[in-house]
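Data first, discussion second: the structure below is written as structure tokens.
Atom set for the values below is all heavy atoms of this structure, side chains included, hydrogens, waters and symmetry mates excluded.
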Amino acid sequence: MSIDLSRRLGLPVVLACAALAGCVQVPKPLYGWGSYQGQVYAYLKGQGDGPQAQISVLEADLQRFRSAGLSAPPGYHAHLGLLYAAAGKDDAAAEQLLTEKTLFPESATYIDFLLANKTGKAGNNK
């Protein structure tokens, strides 16, 4: 008789657990990644259509992140700044690098190095 009781109680318990598990919300991601990882890989491998094409893709991703309420991941603005520097757009490069430094202050030493070497601008601005 105890086996019959556990069978009768087992199905409702399993169904209740399944129903509750279906109500769980997946947490919203902290960062939007878009094509960032693929663009960095192509950049480091020397592949792709050049800096301007990568800039266009990353800028479009930034617009999608903003419309979705997501932030760019660490390194995103720094990479975009390096692409702008490679394209000869030093002001845009400095702007992106300073954005990276503001969003991720732990990167300040590296960003100051990049600012000095890639754009010729001092990195002590905030």
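Transitive grouping of hydrophobic side chains (ILVMFWY, heavy atoms separated by less than 4.5 Å) keeps Val57 and Tyr84 in distinct clusters. With hydrophobic clusters built from ILVMFWY side chains whose heavy atoms lie under 4.5 angstrom apart, Trp33 shares a cluster with Phe104.
The backbone N or O of His77 sits less than 3.5 Å from a side-chain atom of Glu100, completing a donor-acceptor pair.
One finds the CD atom of Gln96 at 11.5 Å from the CG atom of Leu115 (value rounded to the nearest 0.5 Å). For the atom pair CG of Leu58 and CD of Gln63, the computed distance is 12.0 Å after rounding to the nearest 0.5 Å. Atoms CG and CG, on Asn117 and Asp112 in that order, are 11.0 Å from each other to the nearest 0.5 Å. Between atom CG of residue Leu80 and atom CD of residue Glu95 there is a gap of 9.5 Å, rounded to the nearest 0.5 Å. Taking CD from Glu106 and CD1 from Ile111, the interatomic distance works out to 10.0 Å, rounded to the nearest 0.5 Å. Considering CD of Gln54 and CG of Leu82, their distance stands at 11.0 Å, rounded to 0.5 Å.
The minimum heavy-atom distance linking Ile55 with Ala87 is given by the pair CD1-CB, 4.2 Å. Heavy atoms only, all atoms of each residue included: Pro73 and Tyr31 are closest at CA-CD2, 3.6 Å.
Classified by interplanar angle (parallel below 30°, tilted 30° to 60°, perpendicular above 60°), the ring pair Tyr110/Phe113 is parallel.
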Check the pair Leu62, Tyr76 against side chain to side chain contact (heavy atoms under 4.5 Å, CB included), reporting the backbone distance first and the verdict last.
CA-CA 9 Å; Leu62 271 178; Tyr76 195 97; 3.5 Å; yes
Could you walk me through whether Arg64 and Leu70 pass side chain to side chain contact (heavy atoms under 4.5 Å, CB included), step by step?
CA-CA 8 Å; Arg64 281 194 285 285; Leu70 298 172; over 6 Å; no
Do any side-chain atoms of residues 34-52 form donor-acceptor pairs under 3.5 angstrom with protein atoms, and if so which ones, sequence neighbours left out?
from	atom 1	to	atom 2	distance (Å)
Ser35	OG	Asp61	OD2	2.7
Tyr36	OH	Gly75	O	3.3
Gln52	OE1	Lys89	NZ	3.0

